[in-house]
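In what follows, a single structure is set out as structure tokens and then discussed.
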Amino acid sequence: MAETVRVRFAPSPTGHLHIGGARTALFNYLFARQNGGSFILRIEDTDRTRSTEEYIDSILEGMRWLRLDWDEGPYRQTDRFDLYRRYAQRLVEEKKAYYCTCSPEELERRRQEALAAGRPVRYDRRCRNSQTAFTGPSGAIRFMMPEEGQVGVPDLIRGEIVFDNAQLDDLIILRSDGTPTYNFTVVVDDVDMRITHVIRGDDHLNNTPKQIHIYRAFGYTVPAFAHVPMILGADKTRLSKRHGATSVIAYRDMGYLPEALVNYLARLGWSHGDQEIFSLDELVRYFSFAHIGKSAAVFNPEKLLWLNGQHMMKSSPGKLAELVIPFLKKMSLIDDGEELDRSWLARAVSTLQERAKTLTELAQSLSFYIADRIEYNVKAKEKFLNERTFGYLIDVRDTLAKVEPFAAAEIEKAFHAISEKHQVKLGAIAQPVRVAVTGKTESPGIFEVLEILGRAKAIERLGRAIEDIQARS
RNA sequence: GGUCCCAUCGUCUAGAGGCCCAGGACGUAGCCCUCUCAAGGCUAAAACACGGGUUCGAAUCCCGUUGGGACCGCCA
């Protein structure tokens, strides 16, 4: 009988939720949901000097935005120091850990020496056999690594990886100030929280054999491991601030859709045949460790942008209308208290959503619908608002005043009639109107645009363009 | 320096010995559609790091080389 799956995401709050962390969280989430298990959130804030409340809030915000809802937590390691001390004490009592009184300065000196001499950088274990090794209490507590033999790390992505115990250090589990260290808290917490699968970045791969020995010292069963490959920047080094936006929240603010980021992150290093576009449900259904690649992946912002465009196209206009409002406010296209008619906005959005790759772009492209007065693009004005098009604009204005109903299909008929009358192609009429009405040479279909703009606004803008031409001639 | 991991188009990847003179996607270029811009469709250029094995047969298995990465802290 398989035990219920329990997984966790355990970020340290020393920065915002970044792309790499988000993907680790996502894989944990997908695996939990696929197996009807629990997804636990644990904040690893034992480094008090670098952890902040702001980052904790920011990480939670990022998780919520991505809809990676967790079932337990957030637990905080700083609330659990008593637990770690008890466990550490137990190891000392069982003579599986010992007090080390070497000073940090001394240790640092020896490490530098070893590094310079090209020797392995490891603690020399001089306190391991001292008189006071197990009596203390003073100094830091070190874990006694076995000196011989090997450990196998079974990994769901890479298979079994074997390490020589002789390479492993007697790592410090409790600092001399009584606070626990990472490699120890991870094991204690994963045991205490009954974690069945540890899914994390492969930067932890080298820590795993040490952790396995700690599990064994306690007599606990070792969870399954899955070390997912890193995400790299374009220069193939570990993704960092130098590579541009790396925090999840930054993508939200740039107008990305959470489902698009999730889709992209999942596809980065994982695949399901040739499929590129996935809903969260599909990801839950198809996720498997077998299809996670072994090599690191380069983050490609352009593909993310494309994917976002795809998800924009698939979204309902109503939903996008809702989501774009904060962006319209940010751009001062509407005032803070101002309410736009949602169904009208949704219609406007429906004409633009396949043209905009982000909510920011959508908000920008929406501006001609919303603004009271549009700006003409200078080149567009020169080319399309002039004596040559003057007559067309007059005809269109006068016709639009009479079209009934004021709907795209009727407007189209009227345009065809005008183009036939002047013996020109439709484009000869449509482009000047487009510039008159949107200020630009590109827009959604002109008939749709006119319908949504409404008769009054359309005629007003045409009128203004006509006056503009007159004023110049 | 030591340990460990990795290696298919520029990038993400498919590929679990013959289906592969290597497929899809992003990006790039061209064409089609068309009132513009998108979207969509079609086409093109573009890769199995290198060298040895094993095998009737290797992108796929083994070894080595090279290259990249991670870790080696009283950071996580």
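Residue numbers start from 1 in every chain, and the chains themselves are labelled A, B, ... in the order their sequence lines are given, proteins ahead of strands.
- Nearer to the 5' terminus of RNA chain B, by closest-nucleotide assignment, is the contact made by A:Leu205 (compared with the other of A:Leu205 and A:Asn300).
- Spacing between B:C48 and B:U8 at atom P, rounded to whole Å, works out to 11 Å.
- Here ring pair (Phe, Tyr, Trp, His ring centres under 6.0 Å) pairs that include residues 142-175 of chain A, with residues two or more places apart or in two chains, number zero.
- Among B:A70, B:A76, B:U36, the nucleotide with an atom closest to any side-chain atom of A:Arg238 is B:A70.
- Contacts of A:Pro432 classified as side-chain contact (heavy atoms from CB on, under 4.5 Å), with partners at least two apart in sequence or in another chain: A:Phe384, A:Thr389, A:Leu393.
- Between the side chain of A:Arg158 and the base of B:C5, no donor-acceptor pair under 3.5 Å is found.
- Of the candidate nucleotides B:C12, B:C71, B:G73, B:C71 has the atom nearest to the side chain of A:Asp203.
- Judged by distance alone, the side chains of A:His227 and A:Thr208 do bring a donor and an acceptor atom under 3.5 Å apart.
- Counting non-hydrogen atoms under 4.0 angstrom, A:Lys357 reaches the backbone sugars and phosphates but no base.
- A donor-acceptor pair under 3.5 Å is absent between the side-chain atoms of A:Ser271 and the main chain of A:Gly273, judged by distance alone.
- A:Ile161 comes within 4.0 angstrom of the backbone, heavy atoms only, and of no base.
- A gap of 15 Å separates the C1' atoms of B:A47 and B:U60, to the nearest Å.
- In terms of phosphate contacts, A:Lys210 brings no side-chain nitrogen or oxygen within less than 4.0 Å of OP1 or OP2 of B:C72.
- Side-chain atoms of A:Trp306 lie closest to B:A25 of the nucleotides B:A39, B:A7, B:A25.
- For A:Gln112, no side-chain nitrogen or oxygen approaches OP1 or OP2 of B:C72 to under 4.0 Å.
- If you check every strand for non-hydrogen atoms under 4.0 Å, A:Leu268 touches sugar and phosphate atoms only.
- Closest to the A:Asn206 side chain, of the nucleotides B:A70, B:A25, B:C5, is B:A70.
- Considering only side-chain atoms of A:Arg267, the nucleotide from B:A76, B:A38, B:C12 that sits closest is B:C12.
- Here B:A7 presents its C1' atom at 12 Å from NZ of A:Lys294, a figure rounded to the nearest Å.
- Between A:Trp270 and A:Phe287, the ring planes are parallel. Angles under 30° get that label, and only those over 60° would be called perpendicular.
- Here A:Ser271 reaches the OP1 or OP2 of B:A14: one of its side-chain N or O atoms lies under 4.0 Å away.
- Applying the 4.0 Å criterion to OP1 and OP2 of B:C74, one finds that A:Arg111 has a side-chain N or O inside that range.
- When distances are taken from the side chain of A:Ala430 to each of B:G40, B:A38, B:C35, the shortest belongs to B:C35.
- Seen from the ring of A:Phe278, A:Arg267 does not count as a face-on cation partner, given the 6.0 Å and 45° thresholds.
- Set against B:U36, B:G27, B:C74, the side chain of A:Glu302 has B:G27 as its closest nucleotide.
- Contact check, A:Ser295 against B:C5: no side-chain N or O comes under 4.0 Å of OP1 or OP2.
- Separating the C1' atom of B:U55 from that of B:C61 is a span of 10 Å, rounded to the nearest Å.
- Nucleotides B:U13 and B:A76 are separated by 31 Å at their C1' atoms, to the nearest Å.
- Comparing B:G23 with B:A46, their C1' atoms sit 14 Å apart, to the nearest whole Å.
- B:A29 is paired with B:U43 under the criterion used here, namely a Watson-Crick or G-U wobble arrangement in which both key atom distances are under 3.5 Å.
- Below the 3.5 angstrom threshold, one finds a donor paired with an acceptor across the side chain of A:Ser176 and the base of B:C74.
- The 5' end of RNA chain B is approached more closely, in terms of each residue's nearest nucleotide, by A:Gln167 than by the other of A:Pro180 and A:Gln167.
- Picking from B:C74, B:U11, B:G24 the nucleotide with the shortest atom distance to the side chain of A:Lys236 gives B:U11.
- Relative orientation of the A:Phe299 and A:Tyr264 rings is perpendicular, given thresholds of 30° and 60° on the angle between their planes.
- Residue side chain A:Glu276 reaches the base of B:G24 through a donor-acceptor N/O pair under 3.5 Å, judged by distance alone.
- Here the side chain of A:Asn183 is nearest to one of B:C12, B:C74, B:A76, namely B:A76.
- One C1' atom belongs to B:A59, the other to B:G17, and the distance between them is 10 Å to the nearest Å.
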